[in-house]
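To start, the structure itself, in structure tokens.
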Protein chains: 2
Amino acid sequence: MAEPRWLDEDEARAWRGYRRMFLLLNARIARELAEECGLSEPDYDVLSMLSDSKGRSERIKDLAARMLWSQSRLSHHITRMQQRGLVTREEVAGDRRGASVVLTKTGLKAIRTAAPSHVESVRRNIIDLLTPEQVTVLGDIAETVVERLATDSTSDRGTGARPG
Amino acid sequence: MAEPRWLDEDEARAWRGYRRMFLLLNARIARELAEECGLSEPDYDVLSMLSDSKGRSERIKDLAARMLWSQSRLSHHITRMQQRGLVTREEVAGDRRGASVVLTKTGLKAIRTAAPSHVESVRRNIIDLLTPEQVTVLGDIAETVVERLATDSTSDRGTGARPG
DNA sequence: ACCCGTTTCTTGACACGTCATCTACATTGG
DNA sequence: CCAATGTAGATGACGTGTCAAGAAACGGGT
């Protein structure tokens with residue numbers, strides 16, 4: 001193999017910084033969420049998605065697709081959340097394979113309580129630290145990368161589609 | 001609690017985009033690394049750090065601190081990597097509590113093989129998609145957030161008070 | 001109707017990370 | 001020196017995420 005194009009100084013700074021930021025930021029936000037609300041980030045994401053769904057329920061495959069989770073991951077997670085009373089499973093009319101997740105009263109209360117505190121956490125630990133321009137550029141960057149990855153990729157198991 | 005300051009459109013776009021980008025980017029890069037080199041990202045990180053250390057070995061506590069990992073995490077991971085022959089443990093002269101991780105010949109070979117392919121992966125999936133300006137801004141953002149999180153190790157939750 | 005491939009969801013095994021806890025050693029202060 | 005406190009590392013339990021495999025139902029072609 002020919003000598004690869006190693007990252008230059010700026011690129012390495014960005015890449016390492018990005019990874020380090022994720023590590024710390026994720027840990028911090030997860031910890032605050034757990035301490036204040038007793039929820040993990042995945043819990044929060046599921047509840048948040050569900051609370052925006054019509055009827056506060058959604059088919060598992062649709063929810064998984066919307067969240068970019070594998071069905072397997074969602075199924076496992078729902079099982080755990082179900083045991084804590086945050087959601088329930090329900091059959092789907094018209095497709096006996098199907099299953100929906102439904103937000104329980106407890107789950108709704110949990111997300112309603114958690115949301116304000118979570119937003120504050122996000123502001124305090126990243127958004128409010130940045131200039132409006134930086135916020136916009138971060139959005140641009142994410143859009144570019146996501147578009148590229150979402151189109152030529154897979155959400156569940158690897159397709160093995162490899163360039164080169 | 002008063003009505004929180006919800007994220008505006010740009011902020012929400014940045015935050016959601018960032019999370020989505022991480023989800024997809026991490027999955028993609030991890031998958032390529034696993035398929036091409038048989039390494040996980042944490043494997044790669046440990047090997048990469050070790051290969052830059054003097055003597056290709058480092059004390060566990062120092063390595064953990066440098067990587068921003070908990071000692072426990074590193075200890076667990078080293079156990080798994082040890083079983084695959086990538087590293088070994090070694091006693092430390094002068095402190096009988098201590099232990100070092102040492103890169104094996106196999107581990108060195110693994111990281112040397114993996115590095116070029118990993119850099120290509122990073123380029124293909126993010127760095128080369130961005131303008132130089134975006135790369136710089138990403139580095140700036142990460143620096144800002146990391147600095148804040150690294151210094152402020154104990155949280156000042158609840159008040160919304162922020163150091164100026 | 002039946003077969004066959006596909007979709008939807010679940011499950012089990014395993015890798016990974018965190019937390020609390022434990023052991024062993026080191027260091028400090030009486 | 002000895003007790004108390006602190007530090008280094010390992011470990012077990014548990015929650016989480018991935019993959020492969022399986023079960024059940026769907027749907028199209030014959």
Side-chain angles (χ1 to χ4, degrees), chain A residues 22-24 26-35 38-46 58-84 86-102 154-160, chain B residues 22-24 26-35 38-46 57-84 86-102:
Chain A
F22 181 83
L23 202 65
L24 291 173
N26 194 55
R28 166 65 65 95
I29 288 182
R31 187 166 60 73
E32 294 186 354
L33 196 54
E35 287 180 355
L39 296 175
S40 69
E41 278 194 300
D43 292 340
Y44 184 91
D45 292 339
V46 169
E58 189 163 0
R59 237 180 118 155
I60 287 185
K61 77 173 174 82
D62 295 333
L63 183 55
R66 210 150 64 87
M67 298 182 71
L68 303 183
W69 283 20
S70 70
Q71 268 189 206
S72 170
R73 175 180 182 183
L74 185 54
S75 180
H76 277 303
H77 205 83
I78 285 172
T79 300
R80 294 186 290 257
M81 293 178 73
Q82 199 169 7
Q83 284 161 3
R84 295 192 286 142
L86 297 170
V87 299
T88 55
R89 282 181 160 94
E90 213 174 58
E91 288 175 9
V92 166
D95 187 340
R96 270 188 294 179
R97 293 169 305 184
S100 293
V101 216
V102 188
T154 97
S155 37
D156 203 356
R157 139 211 71 203
T159 58
Chain B
F22 180 83
L23 203 64
L24 290 173
N26 195 56
R28 166 64 66 96
I29 289 183
R31 186 165 60 73
E32 293 185 357
L33 196 55
E35 287 179 356
L39 296 175
S40 68
E41 280 194 298
D43 292 340
Y44 184 90
D45 292 338
V46 169
S57 82
E58 190 163 359
R59 239 182 115 156
I60 287 186
K61 79 174 173 83
D62 296 334
L63 183 54
R66 210 151 63 89
M67 298 182 70
L68 303 182
W69 283 20
S70 70
Q71 268 187 212
S72 170
R73 176 181 183 183
L74 185 55
S75 179
H76 278 301
H77 206 82
I78 285 171
T79 301
R80 293 187 290 259
M81 293 178 73
Q82 200 170 8
Q83 284 162 4
R84 293 191 287 144
L86 296 170
V87 298
T88 55
R89 281 180 160 95
E90 213 174 60
E91 288 175 10
V92 166
D95 187 341
R96 272 189 292 180
R97 292 169 306 184
S100 293
V101 215
V102 188

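In what follows, chains are A, B, ... by sequence order, proteins preceding strands, each numbered from 1.
Nearest heavy-atom pair across Trp69(A) and Leu23(B) is CD1-CD2, 4.3 Å.
OP1 or OP2 of dT16(D) has at least one side-chain nitrogen or oxygen of Ser40(A) nearer than 4.0 Å. At dC9(C), none of the side-chain N or O atoms of Ser75(A) fall inside 4.0 Å of OP1 or OP2 (strictly under the cut-off). At the phosphate of dT8(C), neither OP1 nor OP2 sits under 4.0 Å from any side-chain N or O atom of Gln71(A).
Here the C1' atom of nucleotide dC14(D) and the CD atom of Gln83(A) are 13 Å apart, to the nearest Å. When the P atom of dG17(D) is taken as reference, atom CG of Leu68(A) falls 14 Å away, rounded to whole Å. Taking atom CG on Leu74(B) and atom C1' on dG9(D), their separation rounds to 10 Å, with Å as the unit. Rounded to a whole Å, the CD atom of Glu58(B) is 15 Å from the C1' atom of dG9(D). Atom pair Gln82(A):CD and dT11(C):C1' shows a separation of 15 Å (rounding to whole Å applied). dC9(C) atom C1' lies 13 Å from atom CG of Leu63(A), rounded to whole Å. One interatomic measurement links the two molecules: CZ of Arg59(B) to P of dT7(D), which rounds to 13 Å at whole-angstrom precision. Taking atom CG on Leu39(B) and atom P on dC16(C), their separation rounds to 11 Å, with Å as the unit.
In this view, Glu91(B) satisfies the side-chain hydrogen bond (donor to acceptor under 3.5 Å, both in side chains) rule with no residue, not counting sequence neighbours. Contacts of Arg97(A) classified as side chain to side chain contact (heavy atoms under 4.5 Å, CB included), with partners at least two apart in sequence or in another chain: Asp95(A). For Ser40(A), the side chain to side chain contact (heavy atoms under 4.5 Å, CB included) partners at least two apart in sequence or on another chain are Pro42(A), Asp43(A), His77(A). Applying the side chain to side chain contact (heavy atoms under 4.5 Å, CB included) criterion to Ala99(B), with sequence neighbours excluded, gives Ile60(B). For Thr79(A), the side-chain hydrogen bond (donor to acceptor under 3.5 Å, both in side chains) test picks out Arg89(A), with sequence neighbours left out.
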Once base and sugar-phosphate atoms are separated, protein heavy atoms under 4.0 Å mark nucleotides 18-25 of chain C, 5' to 3', with B, S and - as BBB---BB
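When side chains are defined from C-beta on, Val46(B) does not count as touching Val101(B), because their heavy atoms never get closer than 4.5 Å.
With dT10(C), dA8(D), dA10(D) as the choices, the nucleotide that has an atom nearest any side-chain atom of Arg89(B) turns out to be dA10(D).
Along DNA chain D, the nucleotide nearest to Gly94(A) and the one nearest to Arg84(A) differ in position, and the one closer to the 5' end is contacted by Arg84(A).
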